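Worksheet for the structure shown next.
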Amino acid sequence: MANRGNFSGNIGFILAAAGSAVGLGNIWKFPYEAGQNGGAAFLLIYILLTFLLCYPIMIGEIAIGRRAGSDAYGSYRQLGGKRWGYLGLFGILCGIMILSFYNVVAGWAFGYFLEISFGSLLDHPNYGTFFSEYVIDFWDNLIFSACFMAITAFIVLKGVQKGIEAASKIMMPALFSILIILIAYSLTLPNASAGISFYLLPDFSKINFQTIYSAMGQAFFSLSLGMGALITYGSYVGKNQNVIGAAATITLMDMSVAFLSGLLIFPLVFSQGQSPAEGPALVFVVLPGIFNAMGPIIGRLMGGGFFLLLCFAALTSTVSLLEVPVAYFVDQKKWSRKKTTWLLAVFIFVVGLPSMLSQGAVEMFTHLPFYQDRSALDFVSEVFSDISLPLGGFLMTLFIVTRWGTNNMSEELSLGNESYRNSLLEKYVNFSIRYICPVILGIFSVLIIIDKFYGIDKLTN
Ligand code: PHE
């Protein structure tokens, strides 16, 4: 495998994979999903599913990638034959589609960084109105998300080690620190305790089918699972590295950022008397309040700093999303890395235009008639992430169980971790991949599709 590039070591891989995991999913999506789906009940199920399904699946993906040493398609194809290769292609398609809308939201975050630091956002009388006017502004959105895509392409071009690792090394600790500072501040605000109860005291009567599958989709999205991102990154991991330990660190880091983000947002939501079920606008509407309360100078600094860090977090995720199709064309079609990266960046940007225009700018994309009148952004994000990632995870476990074999997986995993063989952890991972994942993910994949397109309540009534 000449010149495919490699991570510099365990830390390099952990940082890059955690960089892929930690992103808008943790800070933008997690709080609004939790807010719409019962708060603490959602958090509980999310954590449970992460341990039960996602950790084993993450290990499986990295093992597949490292064993085959190829992109998502090439890895499945090499270990499983041509038919399984299609699963890799499906993942690559999901990566392209997820990046198309992700980049739009990243553009909003970038715009907020500028508007808070240098504009008058914090003085605006109504942050909700500001947001809804902001997202229909065509030129701002176009320019900011184009910039974002360009920076992503630039980092991907630099290759695995220099680009991806370097960006993650600075951003992660900084993001952690600013979150902690903001949480400490938000907890002192009046009525913060109502937010804490909403977020930490589960009301089990709120758990229903939708809570479970939303938490499942969130867990997969947040950990970058089910579409081959970690297969691709796994292919750059050295054989002497401990994948088991790395996966645990990545999972814990990702979970803690999501958890902290909720701990910041919900006290704010309740102290500002807003609804936690605001949807995708939630953090954009709620967060300016805390910066405003900090006064004009500190508020601008903290607010600007926060959104800038959010952009960095998003950037290490967009990089991993773009890397998946890029690796495919470079490995399989022998295209040059440079040409592939720029071509794909432009293509994906164009694919994202309907999502960009779906927040009120263009009626046709704002209310899709074939998707219960919901927006193009909802459509792309729900079909290619909420539905497809758990489905991709399901098919991946089928691949391991019926084709590659848990035995081969264990063998791969014990490279770099000799004590893995016959350990309790091995038994747990194999049990999850053989039984828990296929059953739970199989059932839910079908039910989610029914619900998204027809509404599950129509079926039961
Ligand atoms: N995990 C990223 C986030 O939470 C998004 C992502 C999904 C990245 C799938 C890569 C693959 O923001």
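Ligands are counted one by one from 1 in listed order, and the atoms in each one are counted from 1 as well. Just so we're clear, the structure is a prediction, and the values are computed from it rather than from any experiment.
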* Structure fact -> Taking only non-hydrogen atoms of M227 and a 4.0 Å limit, the atoms of ligand 1 in range are 9 (C), 11 (C)

* To do: Give the contacting part of K29 toward ligand 1: side chain, backbone, both or neither, where contact means a heavy-atom distance below 4.0 Å.
  => neither

* Taking distance alone, with no angle check, do I98 and ligand 1 share an N/O pair under 3.5 Å? -> no

* Asked: Should we count NZ of K338 as having more than 12 external heavy atoms under 6.0 Å?
  -> no

* To do: Taking S388 for its side chain and S385 for its backbone only, find out whether a donor-acceptor pair lies under 3.5 Å.
  => no

* To do: Looking only at distances, please establish whether an N/O atom of ligand 1 is found under 3.5 Å from an N/O atom of S222.
  => yes

* Look only at interatomic distance and state if A21 has a nitrogen or oxygen under 3.5 Å from any nitrogen or oxygen of ligand 1. => yes

* To do: Could you point out which residue of S20, S224, S222 forms a side-chain hydrogen bond (donor to acceptor under 3.5 Å, both in side chains) with D254?
  => S222

* Structure fact -> In this structure, atom 1 (N) of ligand 1 is nearest to the protein heavy atom F221 O, 2.8 Å

* Taking only Lys NZ, Arg NE, NH1 and NH2, and the carboxylate oxygens of Asp or Glu, determine whether E61 and R66 approach each other closer than 4.0 Å. => no

* Asked: With a distance cut-off below 6.0 Å to the six-membered ring centre and an angular limit of 45° from the axis, does K333 pair with W335 as a cation-pi contact?
  -> no

* To do: Locate the shortest heavy-atom distance separating Q332 from D71; write the atom from each residue and the value.
  => NE2-OD1, 2.7 Å

* Pairing of K29 and D386 as salt bridge, 4.0 angstrom limit -> yes

* For ligand 1, is there an N or O atom under 3.5 Å from any N or O atom of L223? -> no

* Asked: Numbering the atoms of ligand 1 from 1, which are under 4.0 Å from a heavy atom of S20?
  -> 1 (N), 2 (C), 8 (C), 10 (C)

* Asked: Just distances here: any N/O of S320 and N/O of ligand 1 closer than 3.5 Å?
  -> no

* Backbone or side chain, does any N or O of L225 fall under 3.5 Å from an N or O of ligand 1? -> no

* Asked: Contact between Y102 and ligand 1, counting heavy atoms under 4.0 Å?
  -> yes

